[in-house]
Amino acid sequence: MKVISIVLAILLSSLLLILIPVSSVVFSANASILKPYHSQSYFVESGIYPELKQKLKLSILGYKNQEEENKASLLDSIRNKIFNKAFDSVVTDDFVALKMFTLQNSFWDYMTDKSNHIAAIPIPELSAALTKLIDQQILPTLVKQQMKEQLKKNLADSIDIIQLMDIQTKKLENTKEKYLLFKREAWLVYFLMFIVLALSVLLSYLRKYRIKWIGVCMTVGGMITMLIWIPKVRYLQNIPISDDMQDLSRGINQLAAAASNDFMLQLSIAAAIAILIGLAVIWLSPRNADSSQK
């Protein structure tokens with residue numbers, strides 16, 4: 001019976017050393033980067049709004065980058081100048097922030113299965129301002145009409161951000177499936193952690209073991225979390241970016257940095273809590289042992 005108890009203690013100790021770092025990572029992800037409707041703060045911190053404005057502007061004009069706009073014809077240059085004036089008068093940083101807030105709500109509605117699609121961003125203000133500004137120009141009526149027709153091809157009352165960012169529908173669906181699967185499996189990890197802890201305490205009670213070994217496992221598990229996971233997360237801050245998105249590279253990297261920093265903060269807190277609880281258990285263990293002997 002003593003041998004079986006020792007084997008069980010070794011097995012439970014090993015499980016604790018595995019489950020503490022894993023559950024810390026799962027908890028930290030759910031409390032930061034995977035927390036629904038929590039991503040707005042990352043966009044504000046990243047400073048990506050000016051780059052999104054420029055990307056949106058070039059997309060509506062029908063250009064892939066600034067170099068293509070610089071090569072525009074005379075008529076297109078006049079059109080672009082008018083458009084830029086209308087665009088800048090309407091699309092401010094606050095405007096982009098509001099539309100991104102709407103987009104993120106729609107994104108998380110989709111990811112949490114509250115909706116079956118990500119809604120387009122409504123921008124009726126831009127087309128109205130553009131039409132008004134073109135009508136105010138001292139130009140032939142035919143030229144004004146041509147400008148409106150050219151811009152109408154690329155400017156609607158709403159923008160499909162998924163198409164703008166060149167995100168494949170299948171890839172988006174796979175991301176949603178993985179997210180929902182992760183959420184379900186997170187509860188399994190928490191449940192396993194609870195069961196292993198309960199069995200460890202029960203074994204200590206039945207065999208009159210000091211609970212110090214549980215505290216040691218929790219302390220070491222917290223240290224493993226800090227030593228292994230936190231350095232690895234820093235590699236996530238430099239993510240690969242496609243050629244079409246290079247004009248957003250700085251903002252995307254800053255966005256990834258903001259998200260990973262939040263994740264690391266939550267992970268550090270979880271690891272520190274595990275270490276502190278473990279140290280407390282170690283400190284209380286002799287007292288528990290003495291009281292049980294009485």
Check: For the side chain of K176 and the backbone of Y110, is there at least one donor-acceptor N/O pair under 3.5 Å apart?
Finding: yes

Check: Can you find a pair of side-chain heavy atoms, one from S39 and one from F101, that are under 4.5 Å apart?
Finding: no

Note to self: Could you tell me if the side chain of L16 sits less than 4.5 Å from the side chain of M193, heavy atoms only?
What the structure shows: yes

Next item on the list: Report yes if some heavy atom in the side chain of L34 is under 4.5 Å from a heavy atom in the side chain of M111; otherwise report no.
Entry: no

Margin query: Using 0.5 Å steps for rounding, measure from the CE atom of M264 to the CD1 atom of I33.
Written below: 10.5 Å

Notebook entry, point to check: Under the 3.5 angstrom rule, does the side chain of S106 hit a backbone N or O of A119 as a donor-acceptor pair?
Noted result: yes

Notebook entry, point to check: Roughly how far, to the nearest 0.5 Å, is the NE2 atom of H117 from the CG atom of D109?
Noted result: 9.5 Å

Notebook entry, point to check: Do V281 and L199 belong together in a cluster built from hydrophobic side chains that touch within less than 4.5 Å?
Noted result: yes

Notebook entry, point to check: Between W213 and S204, is any side-chain donor less than 3.5 angstrom from a side-chain acceptor?
Noted result: yes

Margin query: Do N30 and Y190 make a side-chain contact, defined as non-hydrogen atoms from C-beta onward lying under 4.5 Å apart?
Written below: yes

Note to self: Please determine whether side-chain contact (heavy atoms from CB on, under 4.5 Å) holds for the pair L197 and I214, giving the CA-CA distance in whole Å, both sets of side-chain angles, and the decisive distance to 0.1 Å.
What the structure shows: CA-CA 8 Å; L197 276 175; I214 300 177; 4.3 Å; yes

Check: Any idea which heavy atoms bring S28 and S24 closest together, and the distance?
Finding: OG-O, 2.7 Å

Next item on the list: Can you measure from CE (M100) to CZ (F107) and round to the nearest 0.5 angstrom?
Entry: 10.5 Å

Check: Measuring from W108:CH2 to K114:NZ, what's the distance to the nearest 0.5 Å?
Finding: 11.0 Å

Next item on the list: Would you mind reporting whether E45 and D262 have side-chain heavy atoms less than 4.5 Å apart?
Entry: no

Next item on the list: Using the side-chain contact (heavy atoms from CB on, under 4.5 Å) rule, take N174 and E177 through it: C-alpha gap first, then chi angles, then the decisive distance, then the call.
Entry: CA-CA 5 Å; N174 291 337; E177 291 176 1; 4.0 Å; yes

Notebook entry, point to check: Does K35 reach the main-chain N or O of A29 with its side chain, forming a donor-acceptor pair under 3.5 Å?
Noted result: no

Next item on the list: Go through I121 and T102 one step at a time and tell me if the side-chain contact (heavy atoms from CB on, under 4.5 Å) criterion holds.
Entry: CA-CA 7 Å; I121 305 175; T102 302; 5.6 Å; no

Notebook entry, point to check: Any side-chain heavy atom of I10 sitting closer than 4.5 Å to one from I6?
Noted result: yes

Margin query: Could you report the tightest heavy-atom contact between M226 and S268, atom names first, then the distance?
Written below: CE-O, 3.7 Å

Note to self: For the CD1 atom of I273 and the CD1 atom of I20, what is their distance to the nearest 0.5 Å?
What the structure shows: 12.5 Å

Check: What pair of heavy atoms forms the shortest contact from A120 to P122, and how long is it?
Finding: O-CD, 3.4 Å

Notebook entry, point to check: Is there side-chain contact between L265 and S32, with at least one heavy-atom pair below 4.5 Å?
Noted result: no

Next item on the list: Compute the centroid of each ring, for F182 and then for W187, and state whether the two points are separated by less than 6.0 Å.
Entry: no

Notebook entry, point to check: Between I224 and L17, what is the shortest heavy-atom contact and its length?
Noted result: CD1-O, 4.3 Å

Margin query: Run V25 and L267 through side-chain contact (heavy atoms from CB on, under 4.5 Å) and show every step you take.
Written below: CA-CA 6 Å; V25 171; L267 191 61; 3.9 Å; yes

Note to self: Side chains of I275 and M218, heavy atoms from C-beta outward: is any pair under 4.5 Å?
What the structure shows: no

Margin query: Under 4.5 Å between side-chain heavy atoms, counting indirect links through other Ile/Leu/Val/Met/Phe/Trp/Tyr residues: same cluster for V189 and L181 or not?
Written below: no

Item checked: Distance-only side-chain donor-acceptor flag, N105 / Y37, under 3.5 Å -> no

Note to self: Let me confirm one number: the CG-CD1 distance from L12 to I195, rounded to the nearest 0.5 Å.
What the structure shows: 11.0 Å

